[in-house]
Amino acid sequence: MNENDDKLKDEKLKTALFNYLLGLGDDLLILGHRLSEWCGHAPVIEEDIALSNIALDCLGEANAFLQYAAETEGRGRSEDDLAFFRDAIEFKNFQMVELPNGDFAFTVARQFLFSSYSFILFGELQKSRLPKLASIAAKSFKEVKYHLRHSVEWVLRLGDGTEESHYRMQHALDELWMYTGELFLDEGLDRVLIENGFVPESLKLKPLWQERVNEVISRATLLIPTEDSHMARGGRKGIHTEYLGHLLSEMQILARSYPGAKW
């Protein structure tokens, strides 16, 4: 245990880190579940496999962050307890990742916006003064590089494709834009983590994200959505859309119906 791990004996820091890790884990768990819904339904078989692989990557990353969260909490819960035995109000994921998949362009646009964010965030988290957090971020970063490259290729292909694909891609970006604001909010106890060098300041990540996203959108001959007067927020505080409850009812039914079941 290094001196920074030792700081986690402070209850305020420990609670802040638990909630932060929960947010990261929940984002990836819920997004992974949404992507898994494409299995057997993607436009072409190669994409079916690609989306399934990205879903598995997300679930693996979620497992690592939730396991660390459970360990930090120290109440005897496991990563499975956190994934399958919490209600919607206890989930801390961004609202963007819980939205229904929509058409293929919508899924591509969401993956592009979220992977662009994850690429920058995990790049910064590798510098965390918490070795374990830095290590998980470094492993996740390698996978996110692939997720981002894959989604960028599709944004360019659809945006600069047919009139129909261009329309759907633009519509998807316009629909999703209002959910990007909360990616860059520091909530509640995050400040104490930032001051200790454990996590980066979210607001400082926004210009890097905007530069990367705007460059790809322009190359795809798409228009950058204007800042919406209303930006959705509150996911990190347990405020969610109507869709999360339905998603959880499907995702959690087996574990809740047969607690402790093994195979």
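For this chain, numbers begin at 1 and follow the sequence in order.
Around the CZ atom of R77, the shell of radius 6.0 Å holds more than 12 heavy atoms that belong to other residues, nucleotides or ligands. Within a 6.0 Å sphere centred on CD of E195, other residues, nucleotides and ligands contribute more than 12 heavy atoms. Other residues, nucleotides and ligands contribute more than 12 heavy atoms inside 6.0 Å of the CD atom of E90. With a 6.0 Å radius and a threshold of 12 heavy atoms from other residues, nucleotides or ligands, I239 has its CD1 atom above the threshold.
Judged by the 6.0 Å distance and 45° axis criteria, R86 is positioned over the aromatic ring of F91. Taking the centre and axis of the six-membered ring of F94, the NZ or CZ atom of R236 falls inside the cone set by 45° and 6.0 Å.
Note on D87 versus R256: salt bridge recorded, some NZ/NE/NH1/NH2 to OD/OE distance being below 4.0 Å. In summary, R191 and E201 engage in a salt bridge, as defined by a charged side-chain N under 4.0 Å from a carboxylate O. A salt bridge does not link R212 with E215: none of the charged nitrogens is closer than 4.0 Å to a carboxylate oxygen.
When all heavy atoms are compared, the tightest approach of A69 to F18 is O-CD1, 3.2 Å. Closest approach of V97 and R110 over heavy atoms only: O-NH1, 3.8 Å. Listed here is the closest heavy atom pair of L121 and P200: CD1-CG, 3.9 Å. Looking at every heavy atom in both residues, D57 comes nearest to H147 through OD2-NE2, 2.9 Å. The minimum heavy-atom distance between G32 and C58, with the atom names listed, is CA-CB, 3.8 Å.
Summarising the geometry, atom CE belonging to M169 is positioned 12.5 Å from atom CG belonging to D160; distances are rounded to the nearest 0.5 Å. Atom CG of L176 sits about 4.0 Å away from atom CZ of F106, to the nearest 0.5 Å. Atoms CG and CH2, on L205 and W209 in that order, are 11.5 Å from each other to the nearest 0.5 Å. The line from CG of L66 to OG of S78 is 9.5 Å long, rounded to the nearest 0.5 Å. Here I217 contributes atom CD1 and S116 contributes atom OG; the two are 8.5 Å apart, rounded to the nearest 0.5 Å. Between the CG atom in N63 and the CG atom in L56 there is a gap of 12.0 Å [rounded to 0.5 Å].
Formation of a donor-acceptor pair under 3.5 Å by the S257 side chain with backbone atoms of L254 is not found in this model. For Q252 (side chain) and A83 (main-chain N/O), a donor-acceptor pair under 3.5 Å exists by modelled atom type. A distance-only check finds a donor-acceptor pair linking the side chain of S128 to the backbone of F198 [under 3.5 Å]. Proximity of a side-chain donor or acceptor of S118 to a complementary backbone N or O of S115 within less than 3.5 Å is not detected. At least one donor-acceptor pair under 3.5 Å links the side chain of T107 to the backbone N or O of N101. Side chain of N196 to backbone of V192: a donor-acceptor contact under 3.5 angstrom is found. Judged by distance alone, the side chain of Q170 and the main-chain N or O of L223 form a donor-acceptor pair under 3.5 Å. Judged by distance alone, with hydrogens and angles left aside, the side-chain atoms of D186 form a donor-acceptor pair with the main-chain N or O of S202 at under 3.5 Å. Remark: side-chain polar atoms of E182 are paired, donor with acceptor, to backbone N or O of Q95 under 3.5 angstrom. No donor-acceptor pair under 3.5 Å is formed between the side chain of S135 and the backbone N or O of P131.
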> What do the steps show when you test E61 against K139 for salt bridge (charged side-chain N to carboxylate O under 4.0 Å, His left out), and what is the final call?
Replying inline: CA-CA 8 Å; E61 293 160 15; K139 183 177 183 299; over 6 Å; no
>> Set out, in order, the CA-CA distance, both residues' side-chain angles and the distance that settles side chain to side chain contact (heavy atoms under 4.5 Å, CB included) for L248 and Y243, then state yes or no.
In response: CA-CA 9 Å; L248 292 179; Y243 306 112; over 6 Å; no
>> Apply side chain to side chain contact (heavy atoms under 4.5 Å, CB included) to residues R34 and E37 and explain how you reach the verdict.
In response: CA-CA 5 Å; R34 279 292 185 223; E37 293 174 347; 3.0 Å; yes
>> For L133 and L125: C-alpha separation, side-chain torsions, deciding distance, then whether side chain to side chain contact (heavy atoms under 4.5 Å, CB included) applies.
In response: CA-CA 7 Å; L133 180 54; L125 280 176; 4.0 Å; yes
>> Quick one, W154 with E47, criterion side chain to side chain donor-acceptor pair (under 3.5 Å). Give me CA distance, side-chain angles, the key distance, then yes/no.
In response: CA-CA 10 Å; W154 272 110; E47 196 52 29; 3.0 Å; yes
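Side-chain contact between F65 and S140 is present, with heavy atoms from C-beta onward closer than 4.5 Å. Residues D27 and M96 have side chains not in contact (no heavy-atom distance under 4.5 Å, counting atoms from C-beta outward). Counting only heavy atoms from C-beta outward, the side chains of I54 and W38 never approach each other to under 4.5 Å. Side-chain contact between H240 and N93: present, with at least one pair of heavy atoms (C-beta onward) separated by less than 4.5 Å.
Applying the side chain to side chain contact (heavy atoms under 4.5 Å, CB included) rule to S218 yields the partners I224; only residues at least two apart in sequence or on another chain are considered. Residues passing the ring pair (Phe, Tyr, Trp, His ring centres under 6.0 Å) test with Y179, sequence neighbours excluded: none. For the ring pair (Phe, Tyr, Trp, His ring centres under 6.0 Å) test, residues two or more places apart in sequence or in another chain that qualify with F119 are F141.
Remark: the T241 side chain and the E98 side chain contain an N/O donor-acceptor pair separated by less than 3.5 Å. Between the side chains of D48 and H41, no donor-acceptor pair is found at a separation under 3.5 Å.
There is no path of hydrophobic side-chain contacts, each under 4.5 Å, that joins L185 to L203. If you chain together hydrophobic residues whose side chains sit under 4.5 Å apart, L21 and F85 fall into the same group.
The aromatic rings of Y146 and H150 sit tilted, their planes meeting at an angle between 30° and 60°.
Applying the side-chain contact (heavy atoms from CB on, under 4.5 Å) test between F184 and each of M231, K206, K204 identifies K206 as the sole match.
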